[in-house]
Protein chains: 2
Amino acid sequence: MQETLSIGQVAERTGLSVHALRFYEREGILAHPVRRAPGGNRRYTEDDVEWLTLCIVLRASGMPVPSIRRYTELVREGAGNERDRLALLKQHRADVQVQMERLSECLDLINYKVGVYEDILEDVLTEHPCDPMGN
Amino acid sequence: MQETLSIGQVAERTGLSVHALRFYEREGILAHPVRRAPGGNRRYTEDDVEWLTLCIVLRASGMPVPSIRRYTELVREGAGNERDRLALLKQHRADVQVQMERLSECLDLINYKVGVYEDILEDVLTEHPCDPMGN
DNA sequence: GTAGGAGCTAGAGCCGACTCTAGATCAAGC
DNA sequence: GCTTGATCTAGAGTCGGCTCTAGCTCCTAC
């Protein structure tokens with residue numbers, strides 16, 4: 001008999017809130033509909049946690065919930081649609097790369113600005129060693 | 001007499017909507033309160049456009065509007081608070097770097113998954129050259 | 001003079017992704 | 001028996017960042 005986890009335990013392990021876990025389930029983002037204990041409480045397996053971990057990474061990298069749902073549906077359908085899954089993942093990979101490139105460009109400008117202010121502060125110190133704020 | 005730009009022209013040049021431009025102004029994100037033509041229409045200068053360009057980069061890299069407002073206020077106050085501006089920019093730079101590292105970690109997992117599916121598809125092709133989907 | 005088009009203000013609406021609430025159930029410990 | 005605490009459902013609320021609407025004023029061109 002494999003051990004199962006309560007929603008609270010899964011929340012603790014994944015870092016998601018119990019609210020978010022129920023929300024993800026409603027949104028169709030669980031590979032298998034969660035099993036229930038007699039009484040109705042959700043019982044998660046290790047596989048569920050592993051799947052959630054992947055979903056968390058996809059969300060953290062900006063994949064919208066509907067796309068994760070689509071991917072989940074493909075996995076649920078079982079073997080035969082690997083091409084579709086691959087296409088979806090590759091599309092997301094490209095999106096993430098674009099995000100990173102954009103951030104990198106932003107970083108360039110921010111670095112430039114930081115440099116400007118560092119120069120200003122250095123000049124102030126050099127020219128007015130006892131008056132660091134230029135007043 | 002320096003030439004000025006209408007809100008529509010600025011929208012076109014910055015890629016922001018006229019709505020967003022007015023929204024930014026309400027949010028206190030313009031270095032100088034925009035000048036108005038007689039009749040009340042906003043007249044933007046090249047400096048305004050340049051400032052907006054910086055704000056767009058800050059937003060694109062995830063700086064929340066209130067932080068941009070804070071930065072704007074510092075700039076508006078004039079010389080003397082360069083240390084604060086530098087601190088704010090450095091904080092944001094650190095945030096952007098964290099974002100990029102997180103994305104990079106996500107990318108690793110996505111790449112791994114892509115690899116898994118590529119292997120699966122290759123095996124299928126090798127073992128069943130006339131039955132690429134394994135059916 | 002009148003129709004179009006750009007602009008104005010104040011304020012409402014929207015979207016995604018949660019987050020929280022109310023009110024009920026249930027099991028365990030005192 | 002009763003409290004406590006975790007869980008349940010359905011549905012409402014929140015938050016950030018715009019986006020859109022209504023109703024008005026201008027200016028320009030015909």
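None of these values were measured; they are calculated from a predicted model. In what follows, chains are A, B, ... by sequence order, proteins preceding strands, each numbered from 1.
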Chemist: Go through the structure and list residues passing side-chain hydrogen bond (donor to acceptor under 3.5 Å, both in side chains) with A:Glu27, not counting sequence neighbours.
Modeler: A:Arg69
Chemist: Can you name the side-chain contact (heavy atoms from CB on, under 4.5 Å) partners of A:Arg59, sequence neighbours left out?
Modeler: A:Tyr24, A:Val65, A:Ile68
Chemist: Using the side-chain contact (heavy atoms from CB on, under 4.5 Å) criterion, which residues pair with A:Leu5? Sequence neighbours excluded.
Modeler: A:Gln9, A:Val10, A:Arg13, A:Tyr44, A:Glu46, A:Val49
Chemist: Not counting sequence neighbours, which residues clear side-chain hydrogen bond (donor to acceptor under 3.5 Å, both in side chains) with B:Thr14? List them please.
Modeler: none
Chemist: If you restrict it to nitrogen or oxygen atoms, what contacts under 3.5 Å exist between nucleotides 6-8 of chain D and the protein, and what is each distance?
Modeler:
unit_1, atom_1, unit_2, atom_2, d
D:dT7, OP1, A:Ser6, OG, 2.9
D:dT7, OP1, A:Gly8, N, 3.0
D:dC8, OP1, A:Arg42, N, 2.6
D:dC8, OP1, A:Arg42, NH1, 2.9
D:dC8, OP2, A:Arg22, NH1, 2.7
D:dC8, OP2, A:Arg42, NH1, 3.2
D:dC8, O5', A:Arg42, NH1, 3.3

Chemist: For B:Glu25 and C:dG7, give me the distance from atom CD to atom C1', rounded to whole Å.
Modeler: 13 Å
Chemist: Does A:Asp119 have any side-chain contact (heavy atoms from CB on, under 4.5 Å) partners at least two apart in sequence or in another chain, and if so, which?
Modeler: none
Chemist: Suppose we screen for side-chain contact (heavy atoms from CB on, under 4.5 Å). Which residues come up paired with A:Glu77, at least two apart in sequence or across chains?
Modeler: A:Leu74, A:Asn81
Chemist: Among residues 100-110 of chain A, which residues get a heavy atom nearer than 4.0 Å to DNA chain C?
Modeler: none
Chemist: Under the side-chain hydrogen bond (donor to acceptor under 3.5 Å, both in side chains) test, which residues partner B:Arg43, sequence neighbours left out?
Modeler: B:Thr4
Chemist: Scan for salt bridge (Lys or Arg N to Asp or Glu O under 4.0 Å) pairs involving residues 95-116 of chain B, sequence neighbours excluded, and state none if there are none.
Modeler: none
Chemist: Can you confirm whether A:Glu50 is buried at CD, in the sense that more than 12 heavy atoms of other residues, nucleotides or ligands lie under 6.0 Å from that atom?
Modeler: no
Chemist: Between the protein and nucleotides 15-18 of chain C, which nitrogen or oxygen pairs are less than 3.5 angstrom apart?
Modeler:
unit_1, atom_1, unit_2, atom_2, d
C:dA17, OP1, A:Arg59, NH1, 3.3
C:dA17, OP2, A:Val65, N, 3.4
C:dC18, OP2, A:Tyr24, OH, 2.8
C:dC18, OP2, A:Arg59, NE, 2.9

Chemist: Holding to side-chain hydrogen bond (donor to acceptor under 3.5 Å, both in side chains), I want the full list of residues that pass it with A:Glu118, two or more places apart in sequence or in another chain.
Modeler: B:Lys90
